[in-house]
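What follows is a single structure, written as structure tokens, with notes after it.
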Amino acid sequence: MIPVSKSQSLGPSRAKWSNPWAFILATTGSAVGLGNIWKFPYIAGEHGGGAFILVYLICILLLGLPVMLAEMLIGRRGKSSPVGSLDVLAREAGSSPLWKGVGMLAVTTGFLILTFYIVVSGWAFSYIHRAASGAFTGATAEQIDGLYQVLLSDPIRLASWSAVVIFVTMFIVNRGIEKGIDKASYILMPGLFVILLILVGYAMTTGHFGEGIRFMFFPDFQKLSVDSVLMALGQAFFSLSLGSAATMVYGSYMPQHISIGKTALWVAGMDTLVALLAGLAIFPLVIAYGLHAGSGPGLIFVTLPLAFGQMPFGTFIGTLFFIMLTFATLTSTIALLEPSISWLTERLRISRFQACAAAGLVVWVLSLGTVFSFNIWADITVFGKTFFELLDYITSAWMLPLGSLLVALFCGWVMARVVSASELNLSQRAYVLWRASIRYVAPVAILMIFLNAIGLNPF
Ligand code: TRP
């Protein structure tokens, strides 16, 4: 290893995770969310299952993992908010302080995602009660779809559920790293895993588990288009929470002795495992009841409740499912809020409480745009997209990949090699692979996403 001065001196002293597992659980909590349980199964369903999943796994390994290492590296070495860390590290590298703009971009992206994430998370909260009260039992497809439409068409109800989500999030984040985020992850993440295993166990009893596995893992390359490859790439970044400052800010609370490489492997591995297990829990049910696996965003809130309504123990299993989804979204909303809080407290020197109250309120007010886009603003569209669709599109298709691209360029081309080598402390071979990916593979792949997004097919 190349000797270099340790980074403790670079930033102010900071709160720390209680132990390495707390960091792994919290970061996994940020990664595991709607992306794994809501988006992944329906995107995989729409893009032909196995072949898409294979490409997704390659994207995680070749691109997601290296960028995740880069974000942890920036956070831990900078030991400040994402904006402060990039500022500190750009100065250390003798480069332009403008690089802190990358931190600002990432914090803003996380903040904007949060404004629509709490709305969809609110659906999950509200569905716990619906499932538990037996609302799905014996219901027809029209009735279940009606329930979904009733929720979406009522702005007061949607805004109230989003208020519940942001309030719980503010409450936990306000308690700080060790007493708040750390503790919440220790309860929510194991809870999520236990429920997920119960659900997969249940799916095994349906008699259609084999078909579920075949659907997920049989690679039919005929169904794979360029579009699906780029979709897999975007989904990999979204699912690992890259480009949105969460991993950077969590990394800034990471003690020096923890191995970044091993930690990132755990987080990426668990995130992928949850996405695959969610698929294994969902597809056999959908197949067993003769429903359609590629039914789009309604898969979780319409198709699945229909299956819950018909199957034995459906009320119990359905309730567990939506509790799990709520846990998954809550650990993500926490991680989406923390970067803004760390930046506000650092920049304005206000207390965590003040920062949480102000940021939470603004998030809720902005979330009304998403709320209204399902009802009173449903007809107002820009480029054919509602406010919600536009926000989702701008953040997921543009801001997340752009943030990840700039992070990769910064770590690959601006930061000194000795600095990244000493901070990452990988084996020689792993370091060479990481550096090749961060300098060449990741930037080229992300540029392809952009070309595709503006309608220029890169192939
Ligand atoms: N990874 C989250 C999910 O799969 C979504 C997400 C993107 C996110 N960026 C984030 C969550 C930043 C927390 C923090 O649902």
Side-chain angles (χ1 to χ4, degrees), residues 23 25-44 56 59-60 64-65 67-68 71-72 75 81-82 103 105-124 165-166 169 172-173 181 184-185 188-189 192 196 231-252 264 267-268 270-279 297 300 324-343 359 363 391-404 407:
F23 174 68
L25 282 181
T27 313
T28 307
S30 114
V32 172
L34 293 169
N36 307 61
I37 300 169
W38 178 52
K39 266 190 171 175
F40 179 79
Y42 86 74
I43 297 182
Y56 176 78
C59 290
I60 292 271
L65 199 58
V67 175
M68 182 178 270
E71 286 206 11
M72 288 183 187
S81 75
L105 171 74
V107 171
T108 310
T109 309
F111 193 81
L112 290 179
I113 292 178
L114 186 57
T115 70
F116 67 80
Y117 208 95
I118 59 168
V119 180
V120 184
S121 171
W123 303 352
V165 177
I166 193 66
T169 307
I172 295 170
V173 173
I181 303 181
S185 312
L188 297 173
M189 290 312 287
L192 184 151
L196 188 54
M231 193 82 167
L233 201 54
Q235 171 65 9
F237 283 116
F238 183 84
S239 189
L240 292 179
S241 300
L242 300 172
S244 42
T247 313
M248 268 187 247
V249 80
Y250 277 8
S252 75
V267 175
M270 292 217 273
D271 182 64
T272 309
L273 189 67
V274 171
L276 295 179
L277 288 178
I300 293 296
M324 172 180 81
L325 189 59
T326 306
F327 282 10
T329 58
L330 209 49
T331 48
S332 293
T333 54
I334 293 170
L336 285 162
L337 185 60
E338 177 59 24
S340 302
I341 301 308
S342 84
W343 185 48
V363 165
L391 203 56
D392 181 21
Y393 173 72
I394 293 174
T395 50
S396 306
W398 292 96
M399 297 176 78
L400 287 182
L402 182 64
S404 301
V407 160

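If you read the sequence from its start, that first residue is 1, and numbering goes on from there. Scope of the values below: all heavy atoms of this structure, side chains included, with no hydrogens, waters or symmetry mates. Counting starts at 1 for both ligands and their atoms, in listed order. Keep in mind that what you see is a predicted model, and the values were worked out from it rather than measured.
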Any donor-acceptor pair under 3.5 Å from [X] side chain to [Y] backbone:
| X | Y | value |
| --- | --- | --- |
| Ser332 | Ser30 | yes |
| Asn36 | Ser239 | no |
| Thr329 | Ser121 | no |

Exercise: identify the closest heavy-atom pair between [X] and [Y]:
| X | Y | result |
| --- | --- | --- |
| Ala268 | Leu65 | CB-CD1, 3.6 Å |
| Ala184 | Ile334 | CB-CD1, 4.3 Å |
| Met189 | Leu25 | CG-O, 3.6 Å |

Relative to atom 12 (C) of ligand 1, which among Val274, Thr331, Leu336, Leu240 owns the nearest non-hydrogen atom?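 Heavy atom nearest to atom 12 (C) of ligand 1 belongs to Leu336.
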Considering non-hydrogen atoms of the protein only, which is the closest contact for [atom], and what is the distance?
| atom | result |
| --- | --- |
| atom 8 (C) of ligand 1 | Ser241 OG, 3.2 Å |
| atom 7 (C) of ligand 1 | Phe238 O, 3.4 Å |
| atom 9 (N) of ligand 1 | Ser244 OG, 2.8 Å |

Would you check the N or O atoms of [X], main chain and side chain alike, for any that come under 3.5 Å of an N or O of ligand 1?
| X | result |
| --- | --- |
| Leu400 | no |
| Ala31 | yes |
| Ala246 | no |
| Tyr117 | yes |

> At a 4.0 Å threshold, what atoms of ligand 1 neighbour a non-hydrogen atom of Ser30?
Replying inline: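 In order of number, 1 (N), 2 (C), 11 (C), 13 (C).
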**Asked** Under 4.0 Å from any heavy atom of Ser239, which atoms of ligand 1 are there?
**Response**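 Matching atoms, with element in brackets: 1 (N), 4 (O).
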| task | May I ask you to decide if the ring planes of Trp398 and Tyr393 are parallel, tilted or perpendicular, using 30° and 60° as cut-offs? | result |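 Judged by the thresholds at 30° and 60°, the geometry between Trp398 and Tyr393 is perpendicular.
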For this session: To the nearest 0.5 angstrom, please state how far the OG atom of Ser396 sits from the CG atom of Leu112.
Result: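 Answer for the OG-CG pair, Ser396 versus Leu112, is 11.0 Å.
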Judged by non-hydrogen atoms, does Gly110 sit under 4.0 Å from ligand 1?
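It does not, in that no heavy atom of Gly110 comes within the 4.0 Å cut-off of ligand 1.
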